[in-house]
Amino acid sequence: MLSTLREFRSFDRSVQVLQINQVGINLGFYMLMPYLAQHLASGAGLATWAIGLVLGLRNLSQQGMFLVGGTLSDRLGPKPMIMAGCALRTVGFALFGLTTSLPVLILAAVLTGLAGALFNPAARACLAREAGERKVAAFAVFSAFYQGGILLGPIVGVLLLGTGFTAVCLSAAAIFAALTVLQWRYLPGGRGVAAGQPVSRDWRQAFGDRAFVSFAAAMIASYGLSYQMYLGLPLEVQRVGGGEWGVTALYVISALLGIAGQVRLTAWCAARWTRGQAITRGLGLMGLAFLPMALAAHLPLPAPWAMAPVAGCAVLLTMGTLMAFPFEMALIADMAGDRLVGTYYGLYNLLSGVGILAGNLVAGALVDVARGSGWPGLPWALLAVAGLASAGAVRRLERRDRLAGAGQVPATS
């Protein structure tokens with residue numbers, strides 16, 4: 001933790017604001033979102049299909065608009081996009097707490113999702129630009145702060161639930177309102193570097209960049225794997241009798257690893273490997289994370305030990321993600337050059353969303369099939385294969401010199 005704070009203080013104010021911004025974004029988001037479905041069912045009295053519609057539209061409006069948000073960042077500058085995103089989420093979260101009308105809740109969901117599509121690629125593009133040659137170190141601190149928001153958000157949210165769901169929503173909205181002012185006050189302004197050029201030209205460049213598209217395609221599986229922290233692993237915890245506290249423990253373990261270990265792990269990797277090698281090893285570890293569960297699925301473990309393979313998977317999966325993320329983000333920025341960083345991040349996030357959707361559908365279907373086929377370890381074994389295949393694909397790209405910025409990059413000043 002001290003190393004993270006030291007690294008944080010070594011950056012200038014604009015980078016620090018972006019990192020604080022991410023803590024606030026995740027704090028506000030996770031204060032509210034884990035409890036939204038329950039509120040829509042009991043507080044708003046919505047049918048299950050309507051709850052699914054609201055949550056689905058929130059995700060669709062974010063994932064589907066990432067490319068547009070990234071392109072707007074390149075044209076108008078990251079600062080107005082970050083501010084607009086935080087302002088929209090202020091409105092969306094306030095509406096969640098002030099109404100039970102389905103049409104207004106749908107509007108709130110769309111605004112909340114669109115907000116993420118605006119500030120997510122813009123914040124990453126701005127961080128990459130402001131950090132310069134220290135992009136890897138900046139994204140390491142960014143990741144640690146990201147995990148800090150995930151850890152604190154549900155805790156603050158559950159404490160506020162005692163005063164009512166409206167209080168949770170308005171408190172989360174207030175955080176985003178404060179973030180809007182913070183960005184206005186401290187982030188550098190200026191027009192986007194791609195202003196005046198046709199959007200179609202920018203998109204043709206991004207979609208036509210074979211090295212970038214190949215890298216994004218190779219990384220798709222990793223997002224399907226990482227999202228199992230929210231799908232496959234909680235289901236397995238419930239199956240072995242871990243209950244809600246078991247699921248909470250997984251998230252706490254993952255967040256604490258990110259907060260305490262991200263900066264040190266990134267520095268250790270940067271001192272030994274190229275960016276491509278760090279990403280490859282991170283992906284490989286993410287794949288190997290599922291092997292304990294694949295093996296344990298065929299063993300009659302007693303109740304106290306049944307959680308051990310799931311916890312081991314969560315630890316290894318988190319460590320693999322921590323290894324890859326800062327180098328992955330820096331590599332995308334270098335591939336984009338100086339002009340289309342937001343567009344590249346937007347397209348990458350869009351493709352990552354495809355990976356999450358496909359991973360959820362495949363993993364969910366495999367769990368159902370495995371339970372009825374007598375092969376309970378099948379889903380976890382195939383997820384392990386997907387992670388190792390993704391690692392192999394990134395490794396091949398590096399060997400063919402398809403990855404920009406593949407040299408050693410210092411992670412600390």
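Counting begins at 1 with the first residue of the sequence.
F215 has its side chain within reach of L397: a pair of non-hydrogen atoms, C-beta onward, lies under 4.5 Å apart. When side chains are defined from C-beta on, K135 counts as touching D334, because their heavy atoms get closer than 4.5 Å. Side-chain contact between F96 and V168 is absent, with no heavy-atom pair separated by less than 4.5 Å.
Using cut-offs of 30° and 60° on the angle between ring planes, the pair Y223 and Y348 is perpendicular. Ring geometry for F29 against F93 counts as tilted: the plane angle lies between 30° and 60°, on a 0 to 90° scale.
With 3.5 Å as the limit, one finds no donor-acceptor pair spanning the side chains of R281 and Q277. With hydrogens and angles left out, the side-chain atoms of D202 and T343 include no donor and acceptor closer than 3.5 Å.
Checked options F139, F11, F8; the residue passing with F145 is F8 (criterion: ring-ring contact (aromatic ring centres under 6.0 Å, His included)). Paired with S101 under the rule side chain to side chain contact (heavy atoms under 4.5 Å, CB included), one option of T99, L105, L98 passes, and it is T99.
Taking CZ from R6 and CZ from R9, the interatomic distance works out to 7.5 Å, rounded to the nearest 0.5 Å. For the atom pair CE of M319 and CG of L257, the computed distance is 6.5 Å after rounding to the nearest 0.5 Å. Interatomic distance, CZ of F327 versus OG1 of T280, reported as 11.5 Å (0.5 Å rounding). The distance from the CD1 atom of I82 to the CG atom of L179 is 10.5 Å, given to the nearest 0.5 Å. Taking CG of L285 as the start and OG1 of T318 as the end, the distance is 9.5 Å to the nearest 0.5 Å. Here the straight-line distance linking atom SG of C269 with atom CE of M323 works out to 4.5 Å at 0.5 Å rounding.
Between the S10 side chain and the E7 main chain, a donor and an acceptor come within less than 3.5 Å of each other. Remark: side-chain polar atoms of T166 are paired, donor with acceptor, to backbone N or O of G97 under 3.5 angstrom. Although no hydrogens or angles enter the test, the distance criterion places a donor-acceptor pair under 3.5 Å between the side chain of D12 and the main chain of V15. Checked by atom type and distance alone, the side chain of Q147 never pairs as donor or acceptor with a backbone atom of S143 at under 3.5 Å. Remark: the backbone N or O of R89 is not paired with any side-chain donor or acceptor of T112 at under 3.5 angstrom.
Listed by chain and number, the residues in a side chain to side chain contact (heavy atoms under 4.5 Å, CB included) with S42 are Q38 (sequence neighbours excluded). In terms of the side chain to side chain contact (heavy atoms under 4.5 Å, CB included) criterion, residue partners of Q63 (sequence neighbours excluded) are, by chain and number, N59, F66.
Listed by first and then second residue, the side chain to side chain donor-acceptor pair (under 3.5 Å) pairs that reach into residues 20-30 are N21-Q183, Q22-N26, sequence neighbours excluded.
Between L350 and G64, the shortest heavy-atom contact is CD1-CA, 4.1 Å.
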